[in-house]
Amino acid sequence: MSPRAPTPKQAASVAVSHAHPLYELRLKARTRTDWRLEIWQLPSPATPRLRVPERVATIKGKPLRLVEAGVLKRLSRAGISWSAITPGKERAWPLEEDTALTLGLLFRVLAPMGHIDRIRQVAEGVGAMNREEAGYWLGMAMHRKFPRR
């Protein structure tokens, strides 16, 4: 017996699901209080240049602690929640493109910062950006010849 061919509606949904770049959020925890978040872009038909996952941004330490509540709120709106951070374990969740662009830009910009007031100002500015603006600035930070924040 041969496998059934997908219906046109199923084929269209598969095609649509691969028409966008794929992103993933990774949580790495050393201890319950020492953890970091990473955004990764995964290979997909929409990103033929990628052969292996590419790290977009990472945030940990003081910058993460200062924006943690806002990041967790944004993630819960995206349907991602974790009840407890398990030390020594890694977890991963798929991310929608809009959330990945905004969080990727936020993480990339805040990671090297140390001044509390500037971190808050920049976090508010990135949070106010629309999808296109966040995508533009993230692209500028990642793909220039000499990327910078």
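Please read all numbers here as calculations on a predicted model, not as lab measurements.
No continuous path of hydrophobic side-chain contacts links L50 to L95 [ILVMFWY only; heavy atoms under 4.5 Å].
Atoms CZ and CG, on R108 and L106 in that order, are 12.5 Å from each other to the nearest 0.5 Å. Here the CH2-CD distance, from W40 to E54, works out to 9.0 Å after rounding to the nearest 0.5 Å. Note that CG of L37 and CD of E68 are 8.5 Å apart. Values are rounded to the nearest 0.5 Å. How far CD1 of I39 is from CD of E24: 9.5 Å, rounded to the nearest 0.5 Å.
Sequence neighbours left out, the pairs with a member in residues 119-141 that pass salt bridge (Lys or Arg N to Asp or Glu O under 4.0 Å) are E97-R131, D98-R131.
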Passes side chain to side chain contact (heavy atoms under 4.5 Å, CB included), L101 versus Y23? Steps please. CA-CA 9 Å; L101 292 174; Y23 293 91; 4.0 Å; yes
Hey, mind stepping through V126 and W137 against side chain to side chain contact (heavy atoms under 4.5 Å, CB included) and telling me if it holds? CA-CA 10 Å; V126 170; W137 286 112; over 6 Å; no
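A search for side-chain contact (heavy atoms from CB on, under 4.5 Å) contacts involving D34 returns R30, T31, not counting sequence neighbours.
Ion pairing of E38 with K28 is present here, as a side-chain N (NZ or NE/NH1/NH2) and a carboxylate O approach within less than 4.0 Å.
Two residues are said to be in side-chain contact when any heavy atoms from C-beta on lie closer than 4.5 Å; I59 and V67 meet this criterion.
Scanning both residues, S44 and P21, for their nearest heavy atoms gives OG-CA, 3.9 Å.
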